[in-house]
Amino acid sequence: MRKLATRIAMLVCAAVFLVAAWNIVSILLAYRQGEQLYTETAAQYVHKAQEDASEMPQQAEATEADAAQSSALAPETTETEPPISVDFDSLQAVNPEVVGWLYCADTAINYPVLQGTDNEYYLHHLYDGTYNSSGSIFVDCNNSADFADANTILYGHHMKNGSMFAGLQKFADQSYYEAHPVMWLLTPEQDYKILLFSGYTTSADSDAYTIFTQPGQAWEDYLAQRLAKSDFTTAVDTGGAEKFITLSTCAYSFEDARYVLHGVMVEAGD
């Protein structure tokens with residue numbers, strides 16, 4: 001009887017081990033599938049902006065003082081045009097719910113932006129509709145799809161392999177922010193430079209997720225509170241700006257914690 005009980009216990013342990021191993025393998029395969037799709041998508045639909053040959057002589061004649069000043073800034077700080085272009089016609093032929101593309105130089109953030117009819121579908125689906133735990137970067141379903149609101153909210157998973165929005169928490173470090181002070185949001189209608197000005201940990205039900213359709217006193221109060229909470233300091237001036245963006249991902253410092261990053265949206269070319 002004791003031998004039978006021992007064998008049953010061993011079989012149970014083996015079954016538990018096999019289930020756990022299969023779950024781990026499934027997760028790793030999902031990570032790989034999502035990462036591979038987004039890498040291939042970026043390679044197919046995103047192109048690096050061509051350097052303007054007409055500016056080459058002027059750049060070559062830059063003084064030592066100009067060079068010293070430029071080296072003190074992240075290169076993208078002074079750019080007014082996005083460093084990439086996106087073939088939205090082809091992307092939207094795959095999925096018409098693609099509303100933009102988010103890019104941050106020298107980071108993993110280089111993804112299409114989706115918007116569904118709810119905030120659940122793209123938590124577990126890639127941009128092409130494939131079910132996958134990596135999900136997609138997506139706009140809150142209550143926001144305007146053309147980024148016309150005063151505050152547009154984007155969500156993305158905090159993936160353990162560093163993909164999607166896992167890198168947002170790195171902005172809690174001042175030096176990381178200074179190395180990555182801007183992002184770019186490209187849309188079929190208009191491209192935007194995002195000047196990041198605040199990042200902090202908050203709860204999933206905090207007022208950070210308040211959507212404002214237009215500026216006003218409540219909006220000004222909201223902005224002041226974002227600046228006061230920020231982990232990093234910045235010289236970005238939010239006064240007079242009319243469009244902002246909030247990026248959100250999971251954090252693990254407490255239950256239902258989130259890390260959010262706020263930025264001013266400036267039309268490319270300004």
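Pairing each heavy atom of Cys141 with each of Gly116, the nearest pair is CB-O, 3.6 Å. Closest heavy-atom contact between Gly199 and Leu261: CA-CD1, 3.9 Å. Considering all non-hydrogen atoms of both residues, His157 and Ser134 come closest at CD2-O, 3.1 Å. Of all non-hydrogen atoms in Leu102 and Leu154, the two that sit nearest each other are CD2-CD2, 4.2 Å. Shortest non-hydrogen contact noted between Leu186 and Ser85 is CD2-CA, 4.0 Å. Heavy-atom minimum distance, Leu126 versus Gly135: CD2-O, 3.4 Å.
With hydrogens and angles ignored, the 3.5 Å screen pairs a side-chain donor or acceptor of Thr107 with a backbone N or O of Cys104. Between the side chain of Asp256 and the main chain of Ser203, no donor-acceptor pair closer than 3.5 Å is present. When atom types are taken as modelled, the side chain of Ser163 and the backbone of Met159 share no donor-acceptor pair closer than 3.5 angstrom. Between the side chain of Gln115 and the backbone N or O of Asp140 there is at least one donor-acceptor pair closer than 3.5 Å.
No side-chain heavy atom of Pro181 sits less than 4.5 Å from a side-chain heavy atom of Leu196. Contact of the His262 side chain with the Ile245 side chain is not registered, since no non-hydrogen atoms from C-beta on lie closer than 4.5 Å. Val260 has its side chain out of reach of Arg226: every pair of non-hydrogen atoms, C-beta onward, lies at least 4.5 Å apart. Thr238 is listed as a side-chain neighbour of Phe244, based on a closest heavy-atom distance under 4.5 Å. No side-chain heavy atom of Lys193 sits less than 4.5 Å from a side-chain heavy atom of Thr80. Counting only heavy atoms from C-beta outward, the side chains of Ile109 and Met183 approach each other to under 4.5 Å. In this structure, the side chains of Val139 and Val99 come closer than 4.5 Å at one or more pairs of heavy atoms.
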- Message: I'd like to know whether Met164 forms a side chain to side chain contact (heavy atoms under 4.5 Å, CB included) with Thr249, so could you lay out the CA-CA distance, the side-chain angles of the two residues, the decisive distance to 0.1 Å, and finally the verdict.
- Response: CA-CA 9 Å; Met164 308 309 285; Thr249 194; over 6 Å; no

- Task: With side chain to side chain contact (heavy atoms under 4.5 Å, CB included) as the test, would you mind laying out the steps for Leu223 and Phe197 before giving the verdict?
- Result: CA-CA 10 Å; Leu223 284 180; Phe197 68 88; 3.9 Å; yes

- Item | side chain to side chain contact (heavy atoms under 4.5 Å, CB included) between Ile194 and Val182, intermediate numbers included | CA-CA 5 Å; Ile194 301 173; Val182 306; 5.9 Å; no

- Determine, step by step, whether Asn151 and Thr246 satisfy the side chain to side chain donor-acceptor pair (under 3.5 Å) criterion, reporting the C-alpha distance in whole Å, the side-chain angles of both residues, the deciding distance to 0.1 Å, and the verdict. CA-CA 7 Å; Asn151 183 29; Thr246 296; 3.0 Å; yes

- Audit row: His125, Tyr131, side chain to side chain contact (heavy atoms under 4.5 Å, CB included) steps and yes/no: CA-CA 4 Å; His125 289 84; Tyr131 184 87; 3.7 Å; yes

- Check the pair Tyr103, Trp184 against ring pair (Phe, Tyr, Trp, His ring centres under 6.0 Å), reporting the backbone distance first and the verdict last. CA-CA 5 Å; Tyr103 174 78; Trp184 294 89; 8.4 Å; no

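With values rounded to the nearest 0.5 angstrom, Thr201 atom OG1 is found 10.5 Å from Lys229 atom NZ. The line from CZ of Phe212 to OG1 of Thr152 is 12.5 Å long, rounded to the nearest 0.5 Å. Asp191 contributes atom CG, which lies 8.5 Å from atom CD1 of Ile84 (distance to the nearest 0.5 angstrom). Here the straight-line distance linking atom CG of Asp205 with atom CZ of Arg258 works out to 9.5 Å at 0.5 Å rounding. A distance of 7.5 Å separates CG in Asn119 from CG in Leu123, rounded to the nearest 0.5 Å. Distance check: Gln225 CD to Thr210 OG1 gives 9.0 Å after rounding to the nearest 0.5 Å.
Aromatic pair Tyr259/Tyr200: centroids not less than 6.0 angstrom apart.
Side-chain contact, Ser136 with Tyr38: a donor N or O sits under 3.5 Å from an acceptor N or O. Using modelled atom types, one finds a donor on one side chain and an acceptor on the other under 3.5 Å when comparing Gln217 with Asp221. A donor-acceptor contact closer than 3.5 angstrom is absent between the side chains of Tyr127 and Glu97. For the residue pair Trp101 and Asn110, a side-chain donor N or O sits within less than 3.5 Å of a side-chain acceptor on the partner. A side-chain donor-acceptor contact under 3.5 Å links Gln174 and Glu178. Side chain to side chain, Thr187 and Asp146 fail the donor-acceptor criterion of an N or O pair below 3.5 Å. Checked by atom type, the side-chain pair Asp207/Tyr222 shows no donor-acceptor distance below 3.5 Å. A donor atom on one side chain and an acceptor atom on the other are found under 3.5 Å apart for Thr234 and Tyr177. A donor atom on one side chain and an acceptor atom on the other are not found under 3.5 Å apart for Tyr209 and Asn142.
Here the options are Phe165, Tyr111, Tyr155, the test is ring pair (Phe, Tyr, Trp, His ring centres under 6.0 Å), and the partner is Phe138; only Tyr155 passes.
Not counting sequence neighbours, the partners of Phe171 by the ring pair (Phe, Tyr, Trp, His ring centres under 6.0 Å) test are Tyr176. Under the rule for a ring pair (Phe, Tyr, Trp, His ring centres under 6.0 Å), Tyr192 has no partner lying at least two apart in sequence or in another chain.
Glu242 CD: 12 or fewer foreign heavy atoms inside a 6.0 Å radius.
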